[in-house]
Amino acid sequence: MTTFQVPQRMNFSAVSPKVFKAVLALDAAAREGLDPVLLELVQIRASQVNRCAYCVDYHTSDARTAGETEERMHQLAAWEESSLFTEKERAALALTEAVTLLPGGVSDAVYEEAARLFEEKELAQLIALIFTTNAWNRMNVTTRKTPGTE
């Protein structure tokens, strides 16, 4: 199989280490108290929506380490039609898509379902994780960071 190498535009972490370290710190803070599997599902889904190949690759690897199954990762792109996700995971994924596709807004129904299933502190962490993942996606898509690069 022949593959196409997408040329990276910039090594952001080398060019702007202070900003990169700040996003790393935000990422670490956002992860606190969240279930590792749920965390990876959210990060994979946001990365799929944003078309960030680097982040999809990175987070599917981390999801496997956290115990996620291949079957659920394959069905994540169609989670609404899948019976493999819990009610809480489905609420987190709906919130992920709403925040990621923000021009459409976050409906009251999506927010209220997440608020029903997550305690307030956990919901705040989930929202922080989603917007942090979107920051990583935007950084990596813009600079064309490709899977397998540092």
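Computed from a prediction, not measured in an experiment: that's the story for all the values here.
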CG of Asp57 to OG1 of Thr146: how many Å apart, nearest 0.5 Å?
-> 9.5 Å
If you measure from OG1 on Thr142 to CZ on Arg138, what distance do you get to the nearest 0.5 Å?
-> 8.5 Å
With sequence neighbours left out, write down each residue that passes side-chain contact (heavy atoms from CB on, under 4.5 Å) with Tyr58, or none if nothing qualifies.
-> Tyr54, Asp62
Group every Ile, Leu, Val, Met, Phe, Trp and Tyr by side-chain heavy-atom contacts under 4.5 Å, then state whether Leu126 and Leu26 land in the same group.
-> yes
Under 3.5 Å: donor-acceptor pair, side chain of Gln125, backbone of Ala30 | yes
Is the shortest side-chain N to carboxylate O distance from Glu87 to Arg90 below 4.0 Å?
-> no
What one should report as the nearest heavy-atom pair of Ala14 and Pro17 is O-CD, 3.6 Å
Lys NZ or Arg CZ of Lys145 over Phe12 ring: under 6.0 Å, within 45° = no
State whether the side chain of Arg45 and the backbone N or O of Glu97 hold a donor-acceptor pair below 3.5 Å, judged by distance alone.
-> no
Are Asp27 and Thr132 close enough that a side-chain donor and a side-chain acceptor fall under 3.5 Å?
-> no
Carefully, step by step, assess Gln75 and Glu81 under the rule side-chain contact (heavy atoms from CB on, under 4.5 Å).
-> CA-CA 9 Å; Gln75 290 192 25; Glu81 286 76 36; over 6 Å; no
Give the cluster check for Leu93 versus Leu102: same hydrophobic cluster or not, with ILVMFWY residues linked at side-chain heavy-atom distances below 4.5 Å.
-> no
Applying side chain to side chain contact (heavy atoms under 4.5 Å, CB included) between Thr100 and each of Leu95, Ile130, Asn137, report the one that passes.
-> Ile130
Decide whether Tyr111 and Val99 are clustered together by the hydrophobic rule: side chain heavy atoms of Ile, Leu, Val, Met, Phe, Trp, Tyr closer than 4.5 Å, transitively.
-> yes
Short side-chain to backbone donor-acceptor contact, Gln8 and Met10, under 3.5 Å = yes
Ignoring hydrogens and angles, write down the donor-acceptor pairs under 3.5 Å from the side chains of residues 34-44, residues two or more places apart or on other chains.
residue: Asp35; atom: OD2; partner: Val37; partner atom: N; Å: 3.2
residue: Asp35; atom: OD2; partner: Leu38; partner atom: N; Å: 2.8
residue: Glu40; atom: OE1; partner: His59; partner atom: ND1; Å: 2.9
residue: Gln43; atom: OE1; partner: Arg31; partner atom: NH2; Å: 3.4
residue: Gln43; atom: OE1; partner: His59; partner atom: ND1; Å: 2.6
residue: Gln43; atom: OE1; partner: His59; partner atom: NE2; Å: 3.3

Taking atom CD of Glu70 as the centre, does the number of heavy atoms from other residues, nucleotides or ligands within less than 6.0 Å exceed 12?
-> yes
Report yes or no: do Gln48 and Trp79 form a side-chain donor-acceptor pair below 3.5 Å?
-> no
Linking I/L/V/M/F/W/Y whenever their side-chain heavy atoms sit closer than 4.5 Å, directly or via other members, would Leu117 and Leu129 fall into one cluster?
-> yes
side-chain contact (heavy atoms from CB on, under 4.5 Å) between Ser47 and Thr133: does it pass, once the steps are laid out?
-> CA-CA 7 Å; Ser47 299; Thr133 302; 4.0 Å; yes
First locate atom OG1 of Thr143, then atom CG of Asn11, and finally report the distance between them rounded to the nearest 0.5 Å.
-> 8.0 Å
Distance, nearest 0.5 Å, that separates CD of Glu71 from NE2 of His74 | 9.0 Å
Is the centre of the Phe131 ring less than 6.0 Å from the centre of the Trp136 ring?
-> no
In Å, rounded to the nearest 0.5 Å, how long is the span from CZ of Phe85 to CD of Glu80?
-> 11.0 Å
Begin from the C-alpha positions of Lys88 and Glu113 and carry the test side-chain contact (heavy atoms from CB on, under 4.5 Å) through to its verdict.
-> CA-CA 9 Å; Lys88 193 170 183 177; Glu113 180 67 0; over 6 Å; no
Shared ILVMFWY cluster between Leu123 and Val106, side chains joined below 4.5 angstrom?
-> yes
